[in-house]
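Just so we're clear, the structure is a prediction, and the values are computed from it rather than from any experiment. Counting starts at 1 for both ligands and their atoms, following the listed order.
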Amino acid sequence: MPSTAITLNNGVKIPQLGFGTWRVPAAEAERVVGEAIELGYRHLDTAQMYGNEAGVGAAVRASGLARDELFVTSKLGNGAHAPADALLAFDRTMEALGLEQLDLFLIHWPLPQVGDFVETWTALEEIAASGRCRAIGVSNFQPHHVERLLAETGTVPAVNQIEVHPYFAQDAVRAHNLARGILVEAWSPLAQGTVLGDPVVAAVAAEVGRSASQVVLRWHLQRGDVVFPKSVTPSRMAENLAVFDFTLSDEQMTRITGLDRGGRIGPDPDTFSVLG
Ligand SMILES: NC(=O)c1ccc[n+]([C@@H]2O[C@H](COP(=O)([O-])OP(=O)(O)OC[C@H]3O[C@@H](n4cnc5c(N)ncnc54)[C@H](OP(=O)(O)O)[C@@H]3O)[C@@H](O)[C@H]2O)c1
């Protein structure tokens, strides 16, 4: 069954389930992403910092699908926050992808120590106004970063892509974004595989007769977030796509949400300052 679509705050539609490409090596990206598209993924998440945009774009172009059948996201590298650099970096992304138009472009990290994300956002607004990107958003923005953008600029981000999984449910941050019309995208939705051996997840999986990853992805989807699990293993790619023909009960959802222990895997956005 195909993924459901969600309408962003500017009217653009995004498939709720996509394919993540962090740590998909550049040399394998065209083949792996080609397999994902062949299996039915219609939403691809890449970034300048992943180093694999060329392979992702090659797979999109080789797919034979009309461009509007695939939703492609990329993200601005941390070293290109100055507006002039951001505009050049976007050009490089489009060249690497070999596409005329991108669907979604994000500021990858706020880098509050650098302190320039408001200026960076004005460059993304310029890119959106040019028509070369259908929607713009942010990633790893804490509520106070979002508030600053809303106070000092004119465009509400379409999405905020943040770490969310059963061990780090982020309900307060999610609610803050949703109340402002910002869709939440949950990165590392499987907690990079670490949540798949959890006894509570295993118990729910046994109850519904599905795999642990399917149950965790279903939990995300029923909460309304966008997800893009990553796998280079075709059987897992197919498994992660087959999550639209069953549901979890409210009680099963609550048990999984109960696993939250504030367990962030990735960097803290308030202190992360690695340029790249
Ligand atoms: N904005 C950001 O700062 C940010 C940060 C991190 C991630 N992301 C995005 O989010 C995407 C997903 O996050 P992620 O890649 O960190 O982690 P993830 O999707 O939570 O987990 C990926 C790991 O789980 C394994 N896996 C996948 N499906 C499985 C299954 N059905 N059964 C067992 N194991 C399975 C994969 O192994 P194999 O590949 O070996 O099969 C891989 O080791 C990224 O690829 C990227 O697009 C964004």
Sub-4.0 Å atoms of ligand 1 with respect to non-hydrogen atoms of [X]:
| X | value |
| --- | --- |
| P229 | 19 (O) |
| P189 | 12 (C), 13 (O), 19 (O), 20 (O) |
| T233 | 38 (P), 40 (O), 41 (O) |
| E239 | 31 (N) |
| W109 | 3 (O) |
| D45 | 9 (C), 46 (C), 47 (O) |
| A191 | 20 (O) |
| H108 | 1 (N), 2 (C), 3 (O) |

Derivation and outcome, side-chain hydrogen bond (donor to acceptor under 3.5 Å, both in side chains), residues Q48 and S74: CA-CA 7 Å; Q48 292 174 352; S74 193; 5.5 Å; no
Partner set under ring pair (Phe, Tyr, Trp, His ring centres under 6.0 Å) for H145, not counting sequence neighbours: F117, F141
Between the CG atom in L149 and the CH2 atom in W121, the distance rounded to the nearest 0.5 Å is 6.5 Å
Any nitrogen or oxygen of S213, main chain or side chain, under 3.5 Å from a nitrogen or oxygen of ligand 1? yes
Side chain H43, main chain P15, donor-acceptor under 3.5 Å: yes
How far is atom 29 (C) of ligand 1 from the closest protein heavy atom, and which atom is that? R236 CD, 3.6 Å
Using the six-membered ring of F168, assess whether NZ or CZ of R264 lies under 6.0 Å from its centre and within 45 degrees of the ring axis. no
